[in-house]
Amino acid sequence: MRRPLLTLALTLSIVCRAAVTLPQLFQSGMVMQRGKPIPVWGKADAGENVTVSFNGKTYRTIADANGCWRIDLPKMKAGGPYALKVNEVELKDVLIGDVWLCSGQSNIDVTIERVYPQYVREIDAYENPAIRMFRVQNEANTHGVKDDILPTPINWKSVTKQNAWSFSAVGYFLGRRMFEKTGVPQGIIVNSWGGTPIEAWISADSLQADYPLLVEKTRIYQNDEMVKAQQRANQLADIQWRNVLDASDPGIREDWTSADYDDSAWQTVNQYDTEWAKKDGRGVIGSIWLRQHVQIDKEHAGKPARLLLGTLFDSDFTYVNGKEVGRTYYQYPPRRYDIPEGLLKEGDNVITIRFVNKYGMVHFIKEKPYMLVFGDDRFNQNPLPADKMPLYENWKHHYGANMPSCPSADVSLQNLPTTLYNAVLYPLAPYALSGVVWYQGESNTGNPAPYADLLKKMMGNWRDRWGDAQMPFVIVQLANFMEPSEQPQNSGWARLREAQRTVAKADERAELAVINDLGETVDIHPLRKREVAERIGLCFDRLLYNNKVMLSPEVVSGAVADGKVVLTLDQPVQPGAIYEFEIAGGDGLFRSVEAIAEGSRITLTPQSLTSAPLTVRYAWKDNPIKANVRSLSGLPMSSFELIINQ
């Protein structure tokens with residue numbers, strides 16, 4: 001009788017031990033933080049003995065009544081690879097180094113694939129097994145905090161071109177930069193979601209006292225049946241709208257993509273005109289077709305090529321000689337479509353674009369490349385290949401199907417207050433970190449007034465969650481964007497940048513990465529992410545390694561003397577005439593003024609000093625494209641607003 005009982009006991013022991021689980025962040029290939037206690041935690045059966053073995057030492061605890069357990073490994077130096085064993089669970093290839101959490105909205109999301117043409121050679125040539133990447137899977141939750149994030153098919157991956165292709169460009173370049181700086185393993189955790197507002201990343205407790213309506217807004221969506229019904233209705237509406245569009249579109253019935261189709265009766269339009277995108281005085285909802293004939297010589301006939309169609313609004317289906325070469329479903333991604341070998345023929349070839357639009361007005365984005373490129377370097381855009389053929393601005397144009405708007409009910413749970421904190425931020429703690437990158441704000445520019453308060457709440461909220469009041473934050477300031485203005489603006493973008501600046505300045509464990517020279521007039525997702533990462537890295541250098549590192553210039557005082565305004569900076573700047581300064585007096589009307597930089601002083605010369613107090617603004621525009629105050633090392637000065645009492 002003893003042998004069956006012994007077998008049963010062993011079986012129960014094995015089952016019990018198999019019940020130990022670790023959070024999704026704990027995977028083979030992970031990086032854990034050097035120089036700090038390292039929390040290791042998870043779930044088990046209540047009362048179960050948990051044994052953690054790491055780097056030659058063993059640690060023990062017992063799961064509490066809720067099945068939760070935690071062991072804090074002692075501080076360790078950088079190194080590895082090691083094995084981490086928790087009861088019967090074994091993780092391999094574990095490194096000790098620095099771990100960075102990169103969070104925010106779509107400019108953190110922008111991938112290596114998107115920016116690749118800017119950095120072809122350095123991405124192609126770089127691999128580093130000491131830099132590991134982890135992408136948190138998107139999830140939103142209206143019902144409160146979750147214990148863990150969703151399982152990820154990516155896990156921790158080392159840096160190669162293939163592994164990084166769909167990973168955050170900012171995170172990738174930050175990992176590379178910090179490895180070059182420190183020589184220790186780097187772990188990059190990316191936890192971001194395009195289009196999300198800051199309030200989605202803050203806990204309900206932090207919002208309740210000052211912003212109760214935000215919390216109530218989320219509670220409305222705690223009815224899962226209602227949410228699923230709305231989501232399903234939106235899905236069905238989209239399918240039906242597209243079915244009706246396709247059935248109504250003469251371009252599909254008559255195959256307007258064909259190279260042989262006779263488009264001689266079509267109207268010729270310029271791509272940057274707007275009238276062809278309208279009907280009855282408004283932007284066409286539905287489809288519009290454009291065709292362009294290009295002549296290919298014998299040398300290029302049959303060769304593979306890449307079609308660059310800049311950026312288009314909103315979605316497009318693009319064909320070459322009747323064959324689809326690419327499609328994009330929304331406005332932001334650059335259109336880079338590969339034309340396979342053998343498709344281009346000598347003589348006449350036809351490029352056809354079918355625009356599909358649910359709102360707004362179809363248009364081409366200026367200042368983007370529109371061309372065919374050939375040769376082995378056709379994937380490069382910095383610089384553009386020498387073997388290129390610009391497209392004409394003129395296209396043959398024909399309306400497709402005119403449609404009513406697609407019905408929809410907004411159920412973007414990720415945009416509701418607290419939902420991302422609940423689902424993808426709370427479960428990450430207390431995973432030990434070296435610092436946090438926060439690159440967000442575009443979605444709050446419509447109402448920038450509460451942003452400074454919300455940002456302070458969020459940073460305090462996260463520090464409380466990690467139990468680390470000294471957790472370093474680097475706030476990436478919004479880049480310049482939209483049409484430049486010669487006149488002063490009451491800019492929501494500038495006000496949000498000012499909120500970012502003032503919060504960073506008031507927080508001893510935060511720094512501001514100024515990037516108001518790295519944006520693009522026509523693209524909310526500027527591509528120079530390596531330069532962004534370099535400035536983030538400089539901020540961490542100052543926060544963590546050397547507080548004497550000089551960052552962007554800052555104004556430390558202002559005074560009026562001899563009819564001029566003199567600003568004193570914290571460092572010398574590049575000398576000469578500088579632009580984008582404005583002054584307002586008691587009337588509150590801002591006027592542009594001339595300014596000169598010399599050493600660590602800037603002198604403003606207004607035509608006349610109006611009544612006190614004086615308010616000085618710098619780079620206070622959506623796109624302060626002429627702003628040119630720079631440190632001697634080339635870092636730009638942040639926009640700011642300063643009140644000077646005469």
Side-chain angles (χ1 to χ4, degrees), residues 234-295 307-337 339 343 348-372 390-408 522:
N234 282 348
Q235 189 178 51
L236 292 173
D238 181 73
I239 293 171
Q240 182 65 9
W241 189 89
R242 290 182 179 275
N243 287 341
V244 172
L245 171 69
D246 291 348
S248 306
D249 196 331
I252 292 179
R253 294 196 304 271
E254 300 171 17
D255 191 11
W256 290 353
T257 70
S258 171
D260 299 327
Y261 178 79
D262 182 6
D263 57 21
S264 59
W266 286 26
Q267 180 187 12
T268 299
V269 298
N270 184 282
Q271 67 186 36
Y272 298 124
D273 192 5
T274 58
E275 292 306 311
W276 59 266
K278 299 177 182 177
K279 206 167 190 177
D280 300 326
R282 68 173 183 89
V284 168
I285 306 300
S287 64
I288 293 177
W289 294 75
L290 299 180
R291 285 167 56 95
Q292 181 169 146
H293 293 256
V294 294
Q295 300 300 309
L307 174 61
L308 304 180
L309 281 177
T311 308
L312 307 174
F313 185 94
D314 182 36
S315 66
D316 71 285
F317 299 76
T318 297
Y319 308 81
V320 173
N321 293 335
K323 179 179 176 61
E324 184 177 329
V325 294
R327 62 174 68 180
T328 305
Y329 290 107
Y330 64 110
Q331 63 179 336
Y332 294 116
R335 272 56 168 182
R336 306 169 187 144
Y337 297 146
I339 300 175
L343 184 57
D348 186 61
N349 295 259
V350 179
I351 300 168
T352 307
I353 305 174
R354 184 197 186 211
F355 284 95
V356 173
N357 204 41
K358 288 186 174 182
Y359 66 98
M361 186 168 63
V362 165
H363 58 275
F364 290 75
I365 306 298
K366 291 184 178 180
E367 301 176 25
K368 295 289 185 177
Y370 295 89
M371 61 184 63
L372 286 165
L391 299 181
Y392 302 111
E393 289 186 8
N394 288 337
W395 295 75
K396 291 285 192 175
H397 161 272
H398 204 292
Y399 293 115
N402 201 24
M403 292 282 292
S405 296
C406 182
S408 66
V522 296

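Keep in mind that this is a model prediction, so the values were computed, not measured.
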**Study point:** Passing candidate, side-chain contact (heavy atoms from CB on, under 4.5 Å) with Trp395, options Asp263, Leu290, Thr268, Thr352
**Key:**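 Per the side-chain contact (heavy atoms from CB on, under 4.5 Å) rule, the option paired with Trp395 is Leu290, out of Asp263, Leu290, Thr268, Thr352.
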Measure the shortest side-chain to side-chain distance between [X] and [Y] over non-hydrogen atoms and say whether it is less than 4.5 angstrom.
{"X": "Leu391", "Y": "Gln292", "value": "yes"}
{"X": "Leu312", "Y": "Thr328", "value": "no"}
{"X": "Ile288", "Y": "Tyr399", "value": "yes"}
{"X": "Lys396", "Y": "Gln267", "value": "no"}
{"X": "Val350", "Y": "Asp260", "value": "no"}
{"X": "Val356", "Y": "Tyr329", "value": "no"}
{"X": "Arg242", "Y": "Met403", "value": "no"}
{"X": "Val362", "Y": "Asp316", "value": "no"}

Has the side chain of [X] got a donor or acceptor atom that lies under 3.5 Å from a matching backbone atom of [Y]?
{"X": "Arg291", "Y": "Ser258", "answer": "yes"}
{"X": "Tyr337", "Y": "Val320", "answer": "no"}
{"X": "Arg335", "Y": "Pro333", "answer": "yes"}

Exercise for review: Just do the side-chain contact (heavy atoms from CB on, under 4.5 Å) check on Val284 and Asn357 with the steps written out, would you?
Suggested key: CA-CA 7 Å; Val284 168; Asn357 204 41; over 6 Å; no
Rounded to the nearest 0.5 Å, what separation is found between the [atom1] atom of [X] and the [atom2] atom of [Y]?
{"X": "Thr311", "Y": "Lys368", "atom1": "OG1", "atom2": "NZ", "value": "4.5 Å"}
{"X": "Tyr319", "Y": "Ile339", "atom1": "OH", "atom2": "CD1", "value": "14.5 Å"}
{"X": "Ile252", "Y": "Asp246", "atom1": "CD1", "atom2": "CG", "value": "4.0 Å"}
{"X": "Ile285", "Y": "Asn402", "atom1": "CD1", "atom2": "CG", "value": "8.5 Å"}
{"X": "Glu275", "Y": "Asn270", "atom1": "CD", "atom2": "CG", "value": "12.5 Å"}
{"X": "Leu308", "Y": "Leu372", "atom1": "CG", "atom2": "CG", "value": "8.0 Å"}

Exercise for review: For atom NZ of Lys323, decide whether the heavy atoms of other residues, nucleotides or ligands shown that lie under 6.0 angstrom number more than 12.
Suggested key: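 For Lys323, atom NZ is not crowded (no more than 12 foreign heavy atoms under 6.0 Å).
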Review point. If you take all heavy atoms of Leu245 and Ala401, which pair is closest and at what distance?
Key: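 Between these two residues, the closest heavy atoms are CD1-CB, 3.7 Å.
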Check your understanding: What is the minimum heavy-atom distance between Pro407 and Ala237, and which atoms define it?
Key ->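 What the structure gives for the nearest pair is O-CB, 3.5 Å.
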Under a plain distance cut-off of 3.5 Å, with no hydrogens placed, do [Y] and [X] share a side-chain donor-acceptor pair?
{"X": "Gln271", "Y": "Asn394", "result": "no"}
{"X": "Asp314", "Y": "Gln331", "result": "no"}
{"X": "Ser287", "Y": "Asp249", "result": "yes"}
{"X": "Asn321", "Y": "Asn349", "result": "yes"}

Check your understanding: Run the side-chain contact (heavy atoms from CB on, under 4.5 Å) check on Ile351 and Leu307 step by step: do they pass?
Key -> CA-CA 9 Å; Ile351 300 168; Leu307 174 61; 3.9 Å; yes
**Study point:** Test side-chain contact (heavy atoms from CB on, under 4.5 Å) applied to Leu236 and Gln240, step by step
**Key:** CA-CA 6 Å; Leu236 292 173; Gln240 182 65 9; over 6 Å; no
Exercise for review: Evaluate the side-chain contact (heavy atoms from CB on, under 4.5 Å) criterion for residues Ile239 and Asn243: first the C-alpha distance (whole Å), next the side-chain angles of each, then the deciding distance (0.1 Å), finally the verdict.
Suggested key: CA-CA 6 Å; Ile239 293 171; Asn243 287 341; 3.6 Å; yes
Practice item. Give me the ring orientation class for Trp266 and Trp256: parallel if the planes are under 30° apart, tilted from 30 to 60°, perpendicular past 60°. Key: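 Rings of Trp266 and Trp256: perpendicular, as their planes differ by over 60°.
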Practice item. Determine the interplanar angle of the Phe364 and Phe355 rings, folded into 0 to 90°, and report it as parallel if under 30°, tilted if 30 to 60°, perpendicular if over 60°. Key: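 Because their plane-to-plane angle is over 60°, the rings of Phe364 and Phe355 count as perpendicular.
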Exercise for review: Can you sort out the partners of Glu254 under salt bridge (charged side-chain N to carboxylate O under 4.0 Å, His left out), two or more places apart, ordered by chain and number?
Suggested key: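 Salt bridge (charged side-chain N to carboxylate O under 4.0 Å, His left out) check on Glu254 returns nothing, list empty.
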Exercise for review: For ring-ring contact (aromatic ring centres under 6.0 Å, His included), just list the numbers for His398 and Trp289, CA-CA rounded to whole Å, side-chain angles, deciding distance to a tenth of an Å, and then say yes or no.
Suggested key: CA-CA 5 Å; His398 204 292; Trp289 294 75; 9.3 Å; no
Practice item. List in chain and number order the residues that pass ring pair (Phe, Tyr, Trp, His ring centres under 6.0 Å) with Phe317, two or more places apart in sequence or in another chain; answer none if no residue qualifies. Key: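 Scan of Phe317 (ring pair (Phe, Tyr, Trp, His ring centres under 6.0 Å), adjacent residues dropped) gives none.
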Check your understanding: Of all residues at least two apart in sequence or in a different chain, which pass the ring pair (Phe, Tyr, Trp, His ring centres under 6.0 Å) check with Phe313?
Key ->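 Phe313: ring pair (Phe, Tyr, Trp, His ring centres under 6.0 Å) contacts with Tyr359, His363.
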